[in-house]
Amino acid sequence: MTRPKDPTEEEVTDLLTYLDWDSSENNFRWSNKKGNHRKGKLAGSLSNQYIQIWIKGEYWLAQRLAWVIHHGSYPAPSLTVDHIDRDTHNNSKENLRLVSQAVNCRNKKRSKNNKSGVTGVFAAQHKKGSWSACIMVDRKNLWIGNFETKRGAELARKYMGTQFEFHYTHGNKA
């Protein structure tokens, strides 16, 4: 769905050339159209881990522009363009999917504050040597239970992740 200020599909394809993904850089270069003083140069800059490209006086997320190039239209405002492999530079067609913000949150890496090495698993406070598990769903922390072993808590957390359709990479380190 296009908003009034969104560059049209034609504007995007006139200004940018999409390249097959190379892990060392982003996918976009300025087009070689006549009169483009930036032609052939890498398009965009990094901001908060995402590539943004300056078009029509504003920065646009590269994954949204890639979606337009691949699919011919913008995603609905209620949907987010998710990087399946969580590499925000990889805007290849195979790596992008449209999801709700809630589903997008189910494809996050493990928090840097995690001490157990397993998302949603932590040392229980009620009994030394035991483990607890929980899962965050729609901004609500759901208690899974207490377990005698870390492995038991981990398996319960992973099972609940599948029940709530978390992406298989959710909670991985990278």
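Here the structure is a predicted model, which is why all the values come from computation and not from measurement.
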Do the charged groups of R157 and E154 touch, with an N to O distance under 4.0 Å?
no
Tell me, yes or no, whether the heavy-atom count around Q163 atom CD, taken from other residues, nucleotides or ligands under 6.0 Å, exceeds 12.
yes
Verify the neighbour count for atom CZ of F122: are there more than 12 heavy atoms of other residues, nucleotides or ligands below 6.0 Å?
yes
Quick one: is the NZ or CZ of K150 closer than 6.0 Å to the six-membered ring centre of W131, and within 45° of its axis?
yes
Within the structure provided, determine whether [X] and [Y] are in side-chain contact (heavy-atom separation under 4.5 Å).
X: V121; Y: F147; result: no
X: D14; Y: E10; result: yes
X: Q63; Y: H83; result: yes
X: Y18; Y: S92; result: yes
X: L16; Y: I55; result: yes
X: Y159; Y: I135; result: no
X: P75; Y: V81; result: yes

Listed by chain and number, what are the salt bridge (Lys or Arg N to Asp or Glu O under 4.0 Å) partners of K93, not counting sequence neighbours?
none
Determine, stepwise, if the pair S45 / Y59 fulfils side-chain contact (heavy atoms from CB on, under 4.5 Å).
CA-CA 9 Å; S45 59; Y59 280 107; 4.0 Å; yes
Passing candidate, side chain to side chain contact (heavy atoms under 4.5 Å, CB included) with W67, options L61, L96, L79:
L96
